[in-house]
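Order of the sequence lines fixes the chain letters, A, B, ..., with proteins taken first and strands second; residue numbering starts at 1 for each chain. Computed over heavy atoms, backbone and side chain alike; hydrogens, waters and symmetry mates excluded.
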Protein chains: 2
Amino acid sequence: MTPLVRSFVAHFGEMGSRWGINRTVGQIYALIYVSQRPLNADEIGEALEFSRSNVSMGLKELQAWRLVRLKHQAGDRREYFDAPSDAWEVFQILAEERRRREIEPTLSMLRNALLEKPATEEDSVAQERMRGMHELIEMLTTWFDEVQHMDRTTLSQLMKMGSRVQKLLEFTGKVKVIAGGKTGKTIK
Amino acid sequence: MTPLVRSFVAHFGEMGSRWGINRTVGQIYALIYVSQRPLNADEIGEALEFSRSNVSMGLKELQAWRLVRLKHQAGDRREYFDAPSDAWEVFQILAEERRRREIEPTLSMLRNALLEKPATEEDSVAQERMRGMHELIEMLTTWFDEVQHMDRTTLSQLMKMGSRVQKLLEFTGKVKVIAGGKTGKTIK
DNA sequence: CTGAATTTACAGTAATTACTGAAAATTGAA
DNA sequence: TTCAATTTTCAGTAATTACTGTAAATTCAG
């Protein structure tokens with residue numbers, strides 16, 4: 001590993017432990033992510049000085065996260081792995097997986113809690129707070145769902161626009177009348 | 001604790017360990033979040049059956065995350081804590097803290113790596129991948145920054161609109177000519 | 001100031017999580 | 001099929017992280 005790769009890998013190791021995924025797994029992912037070609041478990045173990053079995057476990061976890069993909073090389077029996085190199089794709093995968101693992105269970109818990117009849121004054125207040133949390137999460141995930149289905153050009157256009165969308169919305173409110181009157185079109 | 005609160009607290013305990021914050025801290029937060037009134041360390045320790053010192057450490061961490069606030073009660077020397085109950089506010093705090101702790105260090109590492117002259121072919125490829133990651137993170141955080149400064153009405157309007165913004169953008173492209181011609185206004 | 005109430009620090013221990021090596025299982029070329 | 005190559009599993013151990021009790025520090029009413 002060159003110093004450049006080494007520092008990237010080290011950073012992912014440290015960050016990894018900051019959120020659920022452990023140091024080893026973070027390092028393995030980082031190595032694969034920046035690698036030009038798919039790597040096999042021995043190469044990874046050698047580069048990072050991990051035991052073969054540790055690498056195997058790490059790869060299994062990364063596959064469960066869909067962050068690495070198994071690639072077979074012609075005429076080689078060993079399993080090679082690479083990672084989607086497009087950052088936006090990686091972001092989407094991460095978002096989906098975290099949603100499945102963290103958001104959905106939480107929403108489900110909240111939904112159940114909100115169905116209960118509050119037994120006490122305390123319960124009513126608690127339920128109120130939970131309702132707020134539930135509403136926000138639903139709103140954010142619904143929105144994110146939709147955004148994911150937008151084409152990337154629109155998306156980047158929208159992001160570059162940033163808070164100026166606000167002006168667009170205000171402006172459109174006025175424009176609708178003029179344009180709608182002229183063209184017969186309205187914005188649904 | 002009522003069963004309702006108990007299950008909420010338990011869920012946060014489990015989820016807590018899934019991302020960096022530990023079980024205890026998650027439970028303390030959950031308890032404070034749904035509580036009607038500020039709680040002191042003894043009350044928390046009693047409700048959750050944690051030692052006094054464990055509660056103290058947990059509260060310190062939650063304060064560092066700005067997820068709980070110290071509130072003094074008149075005529076009581078003990079320290080009481082409550083949590084912002086508005087879910088959107090909590091979301092913003094979390095976003096800011098995670099940004100500071102995770103995003104910023106990563107951006108900084110990436111920026112440094114991108115300044116290096118690639119020593120090998122491998123390095124060039126690695127740098128290319130890092131550049132992609134850096135660009136996406138910059139774009140997302142810049143955008144998120146701006147969104148945070150939008151007023152909440154616009155924001156919720158925008159979210160409810162979801163992917164229909166896409167249509168709005170397309171439509172506006174056409175409308176600009178008509179409306180601009182009529183009113184002299186253009187969208188900056 | 002003083003000292004009781006309260007919070008914090010920290011060393012020791014418990015619990016959890018990560019890692020290894022060896023053995024078992026699987027795979028696929030011959 | 002067979003068997004060597006390869007991957008996976010898992011029990012044991014190492015390392016890390018979480019938790020407790022005690023002692024020290026801090027705070028503030030009197």
Gap between atoms [atom1] and [atom2], on [X] and [N] respectively (whole Å):
{"X": "B:E49", "N": "D:dC19", "atom1": "CD", "atom2": "P", "result": "14 Å"}
{"X": "A:F50", "N": "C:dT20", "atom1": "CZ", "atom2": "P", "result": "8 Å"}
{"X": "A:E61", "N": "C:dT17", "atom1": "CD", "atom2": "P", "result": "13 Å"}
{"X": "B:L48", "N": "D:dT20", "atom1": "CG", "atom2": "P", "result": "11 Å"}
{"X": "A:Q73", "N": "C:dA29", "atom1": "CD", "atom2": "P", "result": "14 Å"}
{"X": "A:E14", "N": "D:dT16", "atom1": "CD", "atom2": "P", "result": "13 Å"}
{"X": "B:R18", "N": "C:dT17", "atom1": "CZ", "atom2": "C1'", "result": "15 Å"}
{"X": "A:H72", "N": "C:dA29", "atom1": "NE2", "atom2": "C1'", "result": "14 Å"}

If the condition is salt bridge (Lys or Arg N to Asp or Glu O under 4.0 Å), which residues does [X] pass it with, not counting sequence neighbours?
{"X": "B:R66", "result": "B:E96, B:E97"}
{"X": "B:R52", "result": "none"}
{"X": "B:R77", "result": "none"}
{"X": "A:D82", "result": "A:R69, A:K71"}

Subject >> Global bending angle along the helix from C:dC1-D:dG30 to C:dA30-D:dT1, which compares the axes of five pairs at either end, to 10 degrees >> reply: 30°
Enumerate donor-acceptor pairs with a distance under 3.5 Å from any side-chain N or O in residues 43-50 of chain B to protein atoms, sequence neighbours excluded.
| unit_1 | atom_1 | unit_2 | atom_2 | d |
| --- | --- | --- | --- | --- |
| B:E43 | OE1 | B:N40 | N | 2.8 |
| B:E43 | OE2 | B:R37 | NH1 | 3.3 |
| B:E43 | OE2 | B:R37 | NH2 | 2.9 |

**OP:** Please check the phosphate of D:dC19 (OP1 and OP2 only) for any side-chain N or O of B:N22 closer than 4.0 Å.
**Re:** yes
Subject >> Inter- and intrachain pairs under ring pair (Phe, Tyr, Trp, His ring centres under 6.0 Å), touching residues 58-77 of chain A, at least two apart >> reply: A:W19-A:W65
Original post:
Which ring pair (Phe, Tyr, Trp, His ring centres under 6.0 Å) pairs, counting each pair once, include a residue from residues 74-118 of chain A, with sequence neighbours left out?
Top reply: A:W88-A:F91
Original post:
Considering only heavy atoms, which members of residues 24-37 of chain B lie under 4.0 Å from some atom of DNA chain D?
Top reply: B:T24
Check nucleotides 4-13 of chain D for protein N or O atoms closer than 3.5 Å to its own N or O atoms and list the pairs.
| unit_1 | atom_1 | unit_2 | atom_2 | d |
| --- | --- | --- | --- | --- |
| D:dA5 | N3 | A:R77 | NH2 | 2.8 |
| D:dT7 | OP1 | A:E79 | N | 2.8 |
| D:dT7 | OP2 | A:R52 | NH1 | 2.7 |
| D:dT8 | OP2 | A:S56 | OG | 3.2 |
| D:dT9 | OP2 | A:K60 | NZ | 2.9 |

Subject >> Student check: side-chain heavy atoms of B:F8 and B:L31 closer than 4.5 Å >> reply: no
Original post:
Is the closest side-chain heavy-atom distance between A:V5 and B:D123 below 4.5 Å?
Top reply: yes
**OP:** Can you run down the salt bridge (charged side-chain N to carboxylate O under 4.0 Å, His left out) pairs that involve residues 130-140 of chain A, sequence neighbours left out, and say none if there aren't any?
**Re:** A:R111-A:E138, A:E128-A:R131
Original post:
What pairs with B:S7 under side chain to side chain contact (heavy atoms under 4.5 Å, CB included), at least two apart in sequence or on another chain?
Top reply: none
